[in-house]
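Here's the structure we're looking at; comments come further down.
Just so you know, these numbers use all the heavy atoms, side chains as well, and skip hydrogens, waters and symmetry mates. Numbers here simply count residues along the sequence, with the first being 1. Whatever order the structure lists them in is the order used to number ligands and atoms, beginning at 1.
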Amino acid sequence: MVGMAVVAAVAPLAVAWSTKLVLDRLVAGADLATLVWLACCLAVAGILAAVVPQMSRFLSTEMTRRIELVGMDRLFGSVDRFVGLGRFEDPEFHDRLRLARDSGRAAPSDLVQSMIGFGQGLVTGLGFIGSLATLSRPMTAVVLATAVPAVYAERTLARRQASMLWGISPAIRREIFYSMLLGEVRAAKEVRIFGIGGHLRQRMLAERRSANVAQRRLDLRKLRVQGTLAGLLALVAGAGLVWAITAARGGELTVGDVAMFIAAVAGAQGAVSQVVSHYALARQSMLMFDHYLAVVKVGPDLHVVGAPVEPSALHSGIEFRDVWFRYTPDHPWVLRGVTFTIPHARATALVGSNGAGKSTIIKLLCRFYDPTKGAILWDGVDLRSMEPADLRARIGAVFQDFMEYDLTAAENIGLGHAAVMADRSKLEAAARLAGVHETLARLPHSYDTLLSRMFQPAGSEGQSSEEDARVGVALSTGQWQRLALARALLDDGQDLLILDEPSSGLDAEAEYEIHTMLRARRAGRTSLLISHRLGAIRDADRILVLGDGEILEEGEHAELMALNGLYARLFTLQAQGYRDDTAVATGSSD
Ligand SMILES: Nc1ncnc2c1ncn2[C@@H]1O[C@H](COP(=O)(O)OP(=O)(O)OP(=O)(O)O)[C@@H](O)[C@H]1O
């Protein structure tokens, strides 16, 4: 690209000088051979001037593609190294990530291109300025002087552009959110049943309008500044032309000199604008690249220790010791001095009303966050002294908001486990445990069927079987839930199995089956189960009742019933519901 830039920089100079020489020799009546030779030089310079920009355009897009790959790899490599969840919940981080993604793609190549363009403009500019200086020194000084306000103005505009882009980020983020709601299948049902499409569209447009206002304000400023500068340049060129024609008429300049003068003024001005605008682009790219660097170089999101302790296979239990937690200092306390133990080889259940803090306890257990006060101990060792990845390797989990991957059934269970993907028996065993094997085996391509909510793409009839395998099959919510369960059950050797509402989407029979399976599997293993269906957890070895961020009750089912507290009330309420229905059914059949 540098080579191309040198040729591209020199070619216009060669064209201008060849033109001048051709014209001067023509007027002086030179011989045909000289004229033809000069014309050939002019033609070659013209061809180079025409072709080189095309070639350098290809090279620059190729360079952009390659830089983009490196940039994306480093950016998302850094994001993947965030071990906690806190940053993902920070709106400012999302704005920065979006700008980092854009600038990581564009800024490095923009910077390289602007540096090359800068150098190219400098070479051409110096050539034309030198040529102009041979014709008129005052004119050269005037052309050079116009560069000073241009540099200042473009520098200011670049800074304003970068801060405007940061300023409109929240609006852009909200606009993206509304547009996703309008186009996403998951939101489509509610958008239609509640008729909120128009409202969301208006909100999306309002965000776009507010971003447009800021962009327009800057564009108008650019128009004023750049328009004034362009007018100034045209004025200088026009005045110079008047002088050149007058001088040629007075015999001071030849016809070739006039052609050279016109080319030199235009070339010098063009080169000055090129240098200035590339300088501005470079500056803006560097300012925007700060967002990329901010993400790539950001420190760890959770406390790290120099020499992490390897978590041992669990043999005693996990203890929450006076754990206090709030998501940020601006949020209220979610857990207030929670103390309890999840004993080894026992099934512990966590119950409590909505918002009591059950899922938060799980997030702390997986070390997605660290306690604000207090400690969580794995066989007596503080989780904060462990590498989160080592800890998580010992935990299997089904989250309440589990993921549905638009991938094949096999990948949905064994994603990331290359060995398991090759030997399907383990996959199938996990699927059988979760009660989803039959469903998956019946799919058109069995475990290799793509599971997708995006359904069949248009015009898929008559496609090859390879294409056919890419056609998605939709599962029901309960089936997806079983898949998530199979994913958690895949690794048999995990020390702790966490199940946050693992059966909320299942029918009664399936729930019974799954719970019988889990009960059998839990025996002798450490598990933590959250469920609002108290029938599902009544046989747990220990039930913890959480309320308002505190452990209110603790014990086995019978003990808690005898206590006649919150658990007993909730359990009786649920049981009552079933009994009433049974009574009605029995009564009617009688
Ligand atoms: N990421 C978050 N940022 C701030 N507050 C949060 C966050 N997640 C949860 N909360 C708050 O923490 C409290 C406990 O939430 P949590 O999800 O742990 O409750 P839960 O007991 O699991 O409820 P549910 O039974 O509805 O699943 C709630 O008041 C909730 O608003």
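- Scanning the protein for heavy atoms near atom 26 (O) of ligand 1, the closest one is N354 ND2, 2.9 Å.
- In this comparison of V334, D90, D330, I530, the heavy atom closest to atom 13 (C) of ligand 1 sits on V334.
- With respect to atom 17 (O) of ligand 1, the closest heavy atom belonging to the protein is S359 CB, 3.7 Å.
- Taking a cut-off of under 4.0 Å to the non-hydrogen atoms of Q400, the atoms of ligand 1 that pass are 27 (O).
- Distances from ligand 1 to the non-hydrogen atoms of H532 include at least one value under 4.0 Å.
- At a 3.5 angstrom cut-off on N or O pairs, G352 does not count as close to ligand 1.
- Proximity of H331 to ligand 1, defined as any heavy-atom pair under 4.0 Å, is confined to the side chain (atoms from C-beta onward).
- Of the protein's heavy atoms, none falls inside 4.0 Å of atom 30 (C) of ligand 1.
- Salt-bridge formation is not detected for the pair E207/R203: no Lys NZ or Arg NE/NH1/NH2 atom is positioned less than 4.0 Å from an Asp or Glu carboxylate oxygen.
- The nearest protein heavy atom to atom 15 (O) of ligand 1 is closer than 4.0 Å.
- Electrostatic pairing of D370 and R384 does not count as a salt bridge here, judged by no charged N lying under 4.0 Å from a carboxylate O.
- Of all the listed residues (Y369, F368, W333, Y327), Y327 holds the heavy atom that lies closest to atom 8 (N) of ligand 1.
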**Request:** Report the C-alpha distance between F320 and F325 in whole Å, list the side-chain angles of each, state the deciding distance to 0.1 Å, and finish with yes or no for ring pair (Phe, Tyr, Trp, His ring centres under 6.0 Å).
**Result:** CA-CA 12 Å; F320 274 59; F325 180 75; over 10 Å; no

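- For the salt bridge (Lys or Arg N to Asp or Glu O under 4.0 Å) criterion with R394, the lone passing option out of D379, D495, D491 is D495.
- Ligand-side atoms of ligand 1 in range of K358: 18 (O), 19 (O), 20 (P), 21 (O), 22 (O), 23 (O), 24 (P), 25 (O), range being under 4.0 angstrom from any heavy atom.
- In this structure the side chain of Y292 never reaches within 4.5 angstrom of the side chain of R105, judged on heavy atoms.
- Close approach of ligand 1 to E89 (heavy-atom distance below 4.0 Å) involves ligand atoms 1 (N).
- Counting atoms of ligand 1 from 1 in the listed order, those under 4.0 Å from a heavy atom of T360 are 14 (C), 15 (O), 16 (P), 18 (O).
- Smallest separation of non-hydrogen atoms from L490 and G414: CD2-CA, 3.8 Å.
- For atom 19 (O) of ligand 1, the candidate residues are G86, S353, G357; the nearest heavy-atom contact is made by G357.
- Using a 4.0 angstrom heavy-atom cutoff, K363 counts as in contact with ligand 1.
- Screening R538, E559, E554 for a side chain to side chain contact (heavy atoms under 4.5 Å, CB included) with Y567, the sole residue that qualifies is R538.
- The residues R424 and D448 are annotated as salt-bridged, a charged nitrogen and a carboxylate oxygen being separated by less than 4.0 angstrom.
- Proximity of L443 to L440: side-chain heavy atoms (C-beta onward) are separated by under 4.5 Å at one or more points.
- In terms of heavy-atom proximity, T348 sits nearest to P343 at OG1-CD, 3.5 Å.
- Protein heavy atom nearest atom 23 (O) of ligand 1, with residue, atom name and distance: G355 N, 2.8 Å.
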